[in-house]
Amino acid sequence: MKKFDLIILCGGLGKRIRSKSKNSPKILIEIKKNKPFIFYLLKSLKIKLFNNIILSIGYRRQKIINFIKNNKQLNLSYSVEKKPLGTGGAIKNTLKNKKISNPFFVVNGDTFNQFSTKGLIKKNSTNKIKKSIILLKKNEKEKRYDQFQISKKNKIEMISKYKTGNYYINSGFYMFYKKDIISKKKVFSLEQDLIPNLITKGRLDFYTNKSKVFFDIGVPKSLYKFKSYINKNL
């Protein structure tokens with residue numbers, strides 16, 4: 001199976017979690033003794049499927065650089081976001097600074113999923129029209145996630161206001177073609193700018209995460225739930 005490159009977005013300020021992060025980037029928050037979140041994220045992604053793994057870094061970046069230097073066995077590299085560029089701008093900046101496969105994968109550095117990465121890659125290989133792909137999951141109760149619905153024509157649609165029911169959320173994992181990173185701006189959002197644009201242009205496909213396992217450690221409540229899950233299962 002062909003290997004692709006992976007960008008991990010971990011340059012955010014993490015304002016909502018600072019009471020628990022001790023001024024560390026979210027990806028380095030300690031889950032168990034001497035085991036930060038990034039260890040569990042990489043394990044869930046089955047990193048052997050990827051060629052190069054690039055961390056897009058900004059806030060407290062020196063701590064992440066030191067982690068990479070001290071964990072050479074993980075074979076990680078990084079791309080520096082000198083000023084906050086937004087999640088979309090961070091991807092564009094990494095494409096500019098690094099040689100990246102086409103297509104390539106992107107994951108939020110504060111989300112944890114369990115799903116078939118091989119299945120997503122297979123879906124892309126069997127599609128005649130090569131579109132970028134977003135990983136969706138069945139609706140969560142919390143209102144902070146972007147919501148989507150699938151039309152009768154099996155097309156993805158974004159929902160503007162939170163709804164309960166048979167909808168989906170953005171799981172924070174994507175496969176992109178370089179031509180789809182379309183914005184003249186340096187600073188822009190993946191979630192609020194790029195994704196809606198790709199949907200409008202008919203350039204976004206989806207893959208459904210059927211596992212119930214999903215965590216976003218961006219707020220203290222979710223971080224606590226993830227630690228509890230790890231203590232029970234890993």
Side-chain angles (χ1 to χ4, degrees), residues 6-47 50 53-71 74-94 105-115 117 134-135 137 140 142-146 169-174 187-192 194-195 209 213-231 233-234:
L6 171 70
I7 299 172
I8 301 179
L9 299 175
C10 43
L13 300 177
K15 292 181 180 179
R16 296 177 299 176
I17 197 67
R18 282 189 186 174
S19 62
K20 302 296 181 182
S21 66
K22 300 178 182 178
N23 288 322
S24 287
K26 285 183 283 185
I27 204 162
L28 294 184
I29 293 175
E30 191 173 73
I31 304 302
K32 281 188 175 183
K33 188 175 181 180
N34 298 322
K35 287 191 175 182
F37 180 74
I38 187 172
F39 281 133
Y40 301 100
L41 173 62
L42 293 174
K43 185 175 182 179
S44 71
L45 292 172
K46 299 177 177 59
I47 58 175
F50 300 101
I53 300 177
I54 305 103
L55 276 61
S56 175
I57 59 178
Y59 174 72
R60 301 283 182 178
R61 57 181 173 268
Q62 192 57 50
K63 290 189 175 184
I64 298 179
I65 292 171
N66 291 340
F67 174 84
I68 291 172
K69 289 180 178 178
N70 294 330
N71 292 273
L74 296 176
N75 196 28
L76 304 174
S77 64
Y78 62 88
S79 172
V80 176
E81 183 184 345
K82 293 181 180 179
K83 295 181 179 180
L85 299 174
T87 46
I91 297 171
K92 187 176 179 180
N93 179 63
T94 302
F105 287 85
V106 174
V107 64
N108 291 342
D110 59 0
T111 55
F112 179 93
N113 288 282
Q114 281 191 346
F115 69 101
T117 308
I134 182 174
L135 178 68
K137 182 192 171 295
E140 293 282 319
E142 295 187 44
K143 296 181 180 180
R144 60 195 177 97
Y145 301 115
D146 292 332
I169 65 161
N170 181 349
S171 288
F173 187 85
Y174 318 84
V187 180
F188 64 100
S189 167
L190 165 59
E191 299 84 358
Q192 301 304 315
L194 185 60
I195 293 300
N209 178 7
V213 178
F214 169 78
F215 295 95
D216 166 5
I217 65 163
V219 297
K221 180 181 177 181
S222 294
L223 175 62
Y224 174 79
K225 287 182 178 180
F226 180 70
K227 286 184 176 181
S228 178
Y229 169 80
I230 292 299
N231 287 331
N233 295 279
L234 296 175

Q: Looking only at heavy atoms, which two atoms of K32 and I230 are closest? And how far apart?
A: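 Distance-wise, the nearest heavy atoms are CE-CG2, 3.8 Å.
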
Q: So how far is it from N71 CG to L76 CG, rounded to the nearest 0.5 Å?
A: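 Interatomic distance, N71 CG to L76 CG, rounded to 0.5 Å: 7.5 Å.
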
Q: Quick check for you: to the nearest 0.5 Å, what is the distance between I8 atom CD1 and L55 atom CG?
A: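 So the CD1 of I8 and the CG of L55 are separated by 4.5 Å.
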
Q: What is the distance from atom CD1 of I38 to atom CD1 of I68, rounded to the nearest 0.5 Å?
A: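 Between I38 CD1 and I68 CD1, I get 7.0 Å after rounding to 0.5 Å.
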
Q: Report the residues that fulfil salt bridge (Lys or Arg N to Asp or Glu O under 4.0 Å) with E191, sequence neighbours left out, ordered by chain and then residue number.
A: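 Counting only residues at least two positions away or on another chain, E191 forms no salt bridge (Lys or Arg N to Asp or Glu O under 4.0 Å).
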
Q: Which atom names give the shortest non-hydrogen contact between L41 and G109, and what distance separates them?
A: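 Minimum heavy-atom contact is CD2-CA, 4.2 Å.
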
Q: Between L9 and L190, is any pair of side-chain heavy atoms under 4.5 Å apart?
A: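 Sidechains of L190 and L9: in contact.
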
Q: Would you say the side chain of V106 lies within less than 4.5 Å of the side chain of T87, judging by non-hydrogen atoms?
A: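 Side chain of T87 against side chain of V106, heavy atoms only: no contact under 4.5 Å found.
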
Q: What pairs with K92 under salt bridge (Lys or Arg N to Asp or Glu O under 4.0 Å), at least two apart in sequence or on another chain?
A: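 K92 satisfies salt bridge (Lys or Arg N to Asp or Glu O under 4.0 Å) with no residue once adjacent residues are dropped.
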
Q: Using the test ring-ring contact (aromatic ring centres under 6.0 Å, His included), find all partners of F105 that sit at least two apart in sequence or belong to another chain.
A: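 In terms of ring-ring contact (aromatic ring centres under 6.0 Å, His included), with neighbours along the sequence ignored, F105 is linked to F4, F50, F173.
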
Q: With rounding to the nearest 0.5 angstrom, report the CG to CZ distance, L194 to F188.
A: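 These two atoms lie 6.0 Å from each other.
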
Q: With rounding to the nearest 0.5 angstrom, report the CG to CG distance, N93 to L85.
A: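 N93 CG to L85 CG: 5.5 Å, rounded to 0.5 Å.
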
Q: Which class fits the ring pair F214 and Y145: parallel under 30°, tilted 30 to 60°, perpendicular over 60°?
A: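 F214 and Y145: perpendicular rings.
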
Q: Verify the neighbour count for atom OH of Y78: are there more than 12 heavy atoms of other residues, nucleotides or ligands below 6.0 Å?
A: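 Not buried by this count: 12 neighbours or fewer within 6.0 Å.
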
Q: Measure across C10 and I64 and return the closest heavy-atom pair with its distance rounded to 0.1 Å.
A: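 That would be O-CD1, 3.8 Å.
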
Q: Please list all pairs passing the side-chain hydrogen bond (donor to acceptor under 3.5 Å, both in side chains) test where one or both residues lie in residues 35-44, with sequence neighbours left out.
A: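 For residues 35-44: none.
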
Q: On a heavy-atom basis, which atom in E140 and which in I169 lie closest, and how many Å separate them?
A: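 Taking every non-hydrogen atom into account, CG-CD1, 3.3 Å.
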
Q: In the structure I gave you, are the side-chain heavy atoms of L223 and I31 within less than 4.5 Å of one another anywhere?
A: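 They are in contact (side-chain heavy atoms under 4.5 Å apart), so the answer is yes.
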
Q: Might you point out which heavy atoms bring E81 and G11 nearest each other, and give the distance in Å?
A: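 Of all heavy-atom pairs spanning E81 and G11, the closest is OE1-CA, 4.2 Å.
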
Q: Could you grab the distance from atom OG1 of T117 to atom CG of L135, nearest 0.5 Å is fine?
A: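 Between atom OG1 of T117 and atom CG of L135 there are 8.5 Å.
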
Q: Considering only heavy atoms from C-beta outward, does the side chain of D146 approach that of Q192 to under 4.5 Å?
A: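 D146 vs Q192: side chains touch.
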
Q: Under a 4.5 Å cut-off applied to non-hydrogen side-chain atoms, are I65 and K69 in contact?
A: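 Yes; the side chains approach each other to less than 4.5 Å.
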
Q: Which pairs pass side-chain hydrogen bond (donor to acceptor under 3.5 Å, both in side chains) with one or both residues in residues 216-225, sequence neighbours excluded?
A: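 Sorted result for residues 216-225: R144-D216, R144-S222.
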
Q: Please examine the side chains of V107 and L6, heavy atoms only from C-beta on, and report whether any two atoms are closer than 4.5 Å.
A: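 Contact flag for L6/V107 side chains = yes.
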
Q: Which atom pair, heavy atoms only, marks the closest approach of S171 to N113?
A: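 Heavy-atom minimum between the residues: O-ND2, 3.0 Å.
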
Q: Can you sort out the partners of F39 under ring-ring contact (aromatic ring centres under 6.0 Å, His included), two or more places apart, ordered by chain and number?
A: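 Per chain and number, F39 pairs via ring-ring contact (aromatic ring centres under 6.0 Å, His included) with F67.
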
